[in-house]
**Student:** 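The structure is given below, and queries will be raised subsequently.
Here the structure is a predicted model, which is why all the values come from computation and not from measurement. Both ligands and their constituent atoms are indexed starting at 1 by order of listing.
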Amino acid sequence: MTGGPDPAPVIGLMSGTSCDAIDAAAAELGFDGDTLVLTPLGMVSDRYSDELWEALAAALPPASTTLAEVCRLDTLIGRAFADVAVRADAELCGGRAGLVVSHGQTVYHWAENGRVHGTLQLGRSAWIAEATSCPVVSDLRARDVAAGGQGAPLVSIVDTLWLRGRPGVPAALNLGGIANLTVVPPDRDPVAFDTGPANVLLDAAVRHLTGGRHEFDEDGELAARGRADPALLHRLLDEPYYARPAPKTTGRELFHLPYLRAALAARGPLAPEDVLATLTRLTARTVADAVRAVGATEVVASGGGTRNPVLLGAIRAELDGVPLCTSDDLGLPSAAKEAYAFAVLGVLTVHGLAGTVPSCTGARHAAVLGSITPGRRPLTLPVPRAAAPVRLRITGAPGDGSAPPPPGPGGGGSAG
Ligand SMILES: Nc1ncnc2c1ncn2[C@@H]1O[C@H](COP(=O)(O)OP(=O)(O)OP(=O)(O)O)[C@@H](O)[C@H]1O
Ligand SMILES: [Mg+2]
């Protein structure tokens, strides 16, 4: 491997649309010629405190909020991310972490008429730099938006480097709050987009229908007992977002509880199990339609939705023969995949390399992403690399069996 002595581990921090937990994945990342090599070191995950989760949920779209609350959330989320980063450094990196890359918590993704005009992630990096002493790369989406892109799905460059060269037309599917797909054809530019909801409506329905007693449909048990309702499914599938051409991204700004309640009110009374079965089918159908539309021949799934066997079964059924495996099968733990992907993006940034694929995000050009907050020592960056890597190789994952905590309270914006 080139690039001098063993590089210090990198920590990627992520909390997605579901706001279920802050995930921290640690990895060793280095260059081997034109290959970026990632060795997973593991993942730790912590839920927001109930108090912070409630404050966040109350501020997210479609609610309105105040600047005072935004300042408070930015601080409290920054501290919460810092706590998880410190834990990851101690438990996974032996205190040797050299860089932290923080996605932050999306609270608003300003999409209008198919264009993204702004995107806001909270969780001020100063807290993370202060607590870990490491430099922090943060605010990764904004630069792609400024370059005319959707600012998402940002993991598309990682998926492209990782899946390129596999036979057929591989596609990476992340089942977070929102589902996003990256398709890597051998002979054309890759494309990526959000297909629609993965878990966000399922979680909203469970919370709503159980009066807040449950936060998600654990193992799809409710959905398994119900039957998809054709009228409700038909109404939900009428959503114009699904028919829009890529690149496109969405989030809680569109798919929120009032959206679901309006559809339920139009349908009339339904058993909760049938609502869950219908929403599970909605995710499966919209994902499979997207997979078919792009001609993918293989789907590699990741994200919390892969822990829901009923959802995975429904997707497999709708895919009608297109094989689906999980990213674990290819060496990248599915619960931690997004956090690892952000670690990769930060490493690209500090080496002066672009973190986007314009055909995926719709940007005018590829851009070096993020803002860098110095750590305790003066900021020194690696010598910029002249050439971007052409592939990502995952090496021997040392037992990343660490199960994430049960999904918890939920909150906003497009992720992935
Ligand atoms: N055992 C399970 N059974 C059913 N659903 C589960 C289970 N475990 C996780 N989930 C679902 O996965 C969701 C969390 O997934 P994940 O963390 O990938 O999403 P996210 O935080 O929104 O990330 P992103 O938007 O970046 O992809 C939970 O909110 C829940 O709906
Ligand atoms: Mg999550």
**Student:** Do Gln150 and Asp144 get their side chains close enough for a donor-acceptor pair, meaning under 3.5 Å?
**Tutor:**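 No, no side-chain donor-acceptor contact under 3.5 Å.
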**Student:** Show which atoms of ligand 1 fall inside a sub-4.0 Å distance from at least one heavy-atom site of Glu218.
**Tutor:**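 Matching atoms, with element in brackets: 3 (N).
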**Student:** Run the ring-centre check on His103 versus Phe81 and record whether the distance is less than 6.0 Å.
**Tutor:**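 No, ring centres 6.0 Å or more apart.
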**Student:** Per the ring-ring contact (aromatic ring centres under 6.0 Å, His included) rule, what does the pair list look like for residues 263-305, sequence neighbours excluded?
**Tutor:**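 Output for this query is empty, none listed.
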**Student:** Under 4.0 Å from any heavy atom of Gly305, which atoms of ligand 1 are there?
**Tutor:**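 Those qualifying, in numeric order: 12 (O).
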**Student:** For Asp203, take its heavy atoms, then give the atoms of ligand 1 lying under 4.0 Å from any of them.
**Tutor:**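 Listed by number with element: 28 (C), 29 (O), 30 (C), 31 (O).
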**Student:** Is there at least one pair of N or O atoms, one from Gly177 and one from ligand 1, spaced under 3.5 Å apart?
**Tutor:**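 The answer is yes, given that Gly177 and ligand 1 share an N or O pair closer than 3.5 Å.
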**Student:** If the cut-off is 4.0 Å to any non-hydrogen atom of Met14, which atoms of ligand 1 fall inside it?
**Tutor:**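 Near Met14, the atoms of ligand 1 are 26 (O).
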**Student:** Out of Asn199, Asp219, Leu154, who is nearest to atom 13 (C) of ligand 1 when you count heavy atoms only?
**Tutor:**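 Result: the heavy atom closest to atom 13 (C) of ligand 1 is in Asn199.
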**Student:** Does any N/O atom on Glu338 come nearer than 3.5 Å to any N/O atom on ligand 1?
**Tutor:**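 Checking ligand 1 against Glu338, an N or O pair does fall under 3.5 Å apart.
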**Student:** Could you tell me whether Leu67 atom CG has more than 12 heavy atoms of other residues or ligands within 6.0 Å of it?
**Tutor:**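 No, not enclosed.
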**Student:** How does Arg307 reach ligand 1, by side chain, by backbone, by both or by neither, if only non-hydrogen atoms under 4.0 Å count?
**Tutor:**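 Both the backbone and the side chain of Arg307 come within reach of ligand 1.
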**Student:** Please classify the Val200 to ligand 1 contact at 4.0 Å (heavy-atom distances, strictly less than): side chain, backbone, both or neither.
**Tutor:**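 No part of Val200 comes within reach of ligand 1.
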**Student:** Using salt bridge (Lys or Arg N to Asp or Glu O under 4.0 Å) as the criterion, point out the one residue from Asp23, Asp159, Asp328 that pairs with Lys337.
**Tutor:**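 Exactly one candidate clears the test, Asp159.
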**Student:** Would Asp20 and Arg47 pass as an ion pair if we require N to O under 4.0 Å?
**Tutor:**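 No, Asp20 and Arg47 are not salt-bridged.
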**Student:** Regarding Ser125 and Thr373, is there a side-chain donor-to-acceptor distance under 3.5 Å anywhere?
**Tutor:**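 Looking only at side-chain atoms, Thr373 and Ser125 do form a donor-acceptor pair, the distance falling under 3.5 Å.
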**Student:** According to the ring-ring contact (aromatic ring centres under 6.0 Å, His included) rule, which pairs have a member within residues 245-277, sequence neighbours left out?
**Tutor:**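 Listed by first then second residue: Phe255-Tyr259.
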**Student:** State whether a side-chain donor-acceptor pair under 3.5 Å links Thr39 with Thr395.
**Tutor:**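 Indeed, the side chains of Thr39 and Thr395 share at least one donor-acceptor pair under 3.5 Å.
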**Student:** Is it the side chain (CB and beyond), the backbone, both or neither of Thr17 that lies under 4.0 Å from ligand 1, heavy atoms counted?
**Tutor:**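 Both the backbone and the side chain of Thr17 come within reach of ligand 1.
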**Student:** Please could you name the atoms of ligand 1 that Gly16 approaches to less than 4.0 Å, counting only its heavy atoms?
**Tutor:**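 With Gly16 as reference, the close atoms of ligand 1 come out as 20 (P), 21 (O), 22 (O), 23 (O), 24 (P), 25 (O), 26 (O).
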**Student:** Is it the case that the side chains of Gln105 and Tyr48 hold a donor-acceptor pair, with the cut-off being a distance below 3.5 Å and no angle test?
**Tutor:**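 Their side chains do contain a donor-acceptor pair, which is all the 3.5 Å distance test asks for.
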**Student:** Which atoms of ligand 1 have any heavy atom of Asn174 under 4.0 Å away?
**Tutor:**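 By the 4.0 Å cutoff, the relevant atoms are 27 (O).
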**Student:** Write out all pairs satisfying ring-ring contact (aromatic ring centres under 6.0 Å, His included) with one or both partners inside residues 111-131, taking only residues at least two apart or from two chains.
**Tutor:**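 Qualifying pairs: Trp110-His117.
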**Student:** By number and element, which atoms of ligand 1 are closer than 4.0 Å to a non-hydrogen atom of Gly303?
**Tutor:**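 Every atom of ligand 1 under 4.0 Å from some heavy atom of Gly303: 18 (O).
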**Student:** Distance below 2.8 Å from the Mg ion (ligand 2): how many protein N/O/S atoms qualify?
**Tutor:**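 Step by step: take the Mg ion (ligand 2), keep protein N, O, S below 2.8 Å, and you get 1.
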**Student:** Do the side chains of Arg235 and Asp238 get close enough for a salt bridge, i.e. N-O under 4.0 angstrom?
**Tutor:**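 Looking at Asp238 together with Arg235, the answer is no, because their closest N to O distance does not fall below 4.0 Å.
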**Student:** Quiz question: by atom type and distance under 3.5 Å, do the side chains of Thr35 and Arg391 form a donor-acceptor pair?
**Tutor:**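 Looking only at side-chain atoms, Arg391 and Thr35 do form a donor-acceptor pair, the distance falling under 3.5 Å.
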**Student:** Applying a strict 4.0 Å limit to heavy atoms, is Leu202 in contact with ligand 1?
**Tutor:**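 No heavy atom of Leu202 comes that close to ligand 1.
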